[in-house]
> 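Sending over a structure as structure tokens; questions will come in a sec.
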There are 2 protein chains.
Amino acid sequence: MKKLDHVDRQILQILHEDGRIPYTEIAHQLGVSEGTIRSRITRLLQDGVFQFVIQPDPEKLGLHVQAIIGLTTKLGLQKEVAEKLSKFSAVRFVGAYSGKHDLIIQACFHSNDELITFVNERLSQIEGIAAADVSLELKQYKDTFSFVQDDEVTLQ
Amino acid sequence: MKKLDHVDRQILQILHEDGRIPYTEIAHQLGVSEGTIRSRITRLLQDGVFQFVIQPDPEKLGLHVQAIIGLTTKLGLQKEVAEKLSKFSAVRFVGAYSGKHDLIIQACFHSNDELITFVNERLSQIEGIAAADVSLELKQYKDTFSFVQDDEVTLQ
DNA sequence: AAGATTATTGCGAAATTCGTAAAAAAATGA
DNA sequence: TCATTTTTTTACGAATTTCGCAATAATCTT
């Protein structure tokens, strides 16, 4: 996989703001031909650099309750637990971490009831979970892939 | 804002898999006209139900270090801290939570050095952060908006 | 049930995407 | 450095998609 150049990053930047902007428009903005944009995007997709997706607003879908849950897993069962958790559509994010919790997940629910059901009936059924530390989301300030940035400006 | 019906959810489901699939193709899959898909998507966008975005792979962008950081903030300064954190492009997610940590953020870095710099030089500069609990991501199992689902099946 | 409102369809025009060959640029290597 | 190979970009006609909008159909209100 070739290193991304400035044009690639600019393409990602533009698509980040509108994932459905026409290639002709990107081409116009960057002063190159549509074919260039097309071939670069094809390459980026093939290399798995990005995907075209949609970002739904959980609230608007009726998912009023969001939580981050830190899990402690029994030694040796972490991977299995992570894979089981990943199967739930309510679970948006699953990662293994160093630190207090072996696994951290993010999940969305229609109601507090649904969250409680998830914790008490689903998590408890999964062999290998020793403890779950639930944090309820009170307010979301940012949720984006803003790190699509020109090179080394992550800390600005 | 009108309640989403079955067709709306199906549209979201299809777009979730490929955010750039043509409207004509969605129309064909669902057995309705292109105009219907177009008018529904226009309405969903206007209502803020979803956005067209791209999902980059942090690894492929050279962001090899990801972390979740739980923060304890001084009473009254939480909102201000959250807004300052949201300004960093390295910071992908910022939320306020009940539980151990007042704020939980997710951030991406090129290296451990960059992470350390962020914690020691940037976070420490922000008035109102009392403590930061860093968890390093070891492996990501899932990262998606899979909760685009038909109605009440979040727990399947 | 009648009228009003909203959603869907159909279709020609405009715009975009696609396929591909030629030209240009970049990389390779003697 | 220069010639050759490889990669990238451009150009452009054909196919496809999107758009605008009027007619029709469906849904909602009373």
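Naming convention: chains lettered A, B, ... in sequence-line order (proteins, then strands); numbering from 1 in each chain.
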> Listed by chain and number, what are the ring-ring contact (aromatic ring centres under 6.0 Å, His included) partners of Y97(A), not counting sequence neighbours?
none
> Taking side-chain contact (heavy atoms from CB on, under 4.5 Å) as the test, write out the residues that go with I21(B), two or more places apart.
I14(B), L15(B), D18(B), E25(B), I26(B), Q29(B)
> Kindly assign one of parallel, tilted or perpendicular to the pair F109(B) and F118(B), based on the angle between their ring planes and the thresholds 30° and 60°.
tilted
> With sequence neighbours left out, what residues match S98(B) under side-chain contact (heavy atoms from CB on, under 4.5 Å)?
L136(A), L138(A)
> Using ring-ring contact (aromatic ring centres under 6.0 Å, His included) as the criterion, list what pairs up with Y141(B), not counting sequence neighbours.
none
> Give the B/S/- string for nucleotides 9-30 of chain D, one per nucleotide from 5' to 3', where a protein heavy atom under 4.0 Å of the base yields B, of only the sugar-phosphate yields S, and otherwise -.
SB------SBBB----------
> For H28(B), enumerate each residue passing the side-chain hydrogen bond (donor to acceptor under 3.5 Å, both in side chains) test, keeping only those at least two apart in sequence or located in another chain.
none
> Using the test ring-ring contact (aromatic ring centres under 6.0 Å, His included), find all partners of Y23(B) that sit at least two apart in sequence or belong to another chain.
none
> According to side-chain contact (heavy atoms from CB on, under 4.5 Å), who are the partners of E80(B), at least two apart in sequence or on a separate chain?
L77(B), K84(B)
> So how far off straight is the helix from dA1(C)-dT30(D) to dA30(C)-dT1(D), going by the axes through five pairs at either end, to 10°?
50°
> Rounded to the Å, how far apart are D47(A) CG and dT7(D) P?
14 Å
> Reading DNA chain C in the 5' to 3' direction, which nucleotide is the first one with an atom under 4.0 Å from a heavy atom of chain A, and which is the last?
dT16(C) to dG19(C)
> I'd like to check the salt bridge (charged side-chain N to carboxylate O under 4.0 Å, His left out) partners of D8(A); sequence neighbours left out, ordered by chain and number.
R40(A), R43(A)
> Output the rest of the hydrophobic cluster of L75(B): all Ile, Leu, Val, Met, Phe, Trp and Tyr residues reachable through side-chain heavy-atom contacts under 4.5 Å, sorted by chain and number.
none
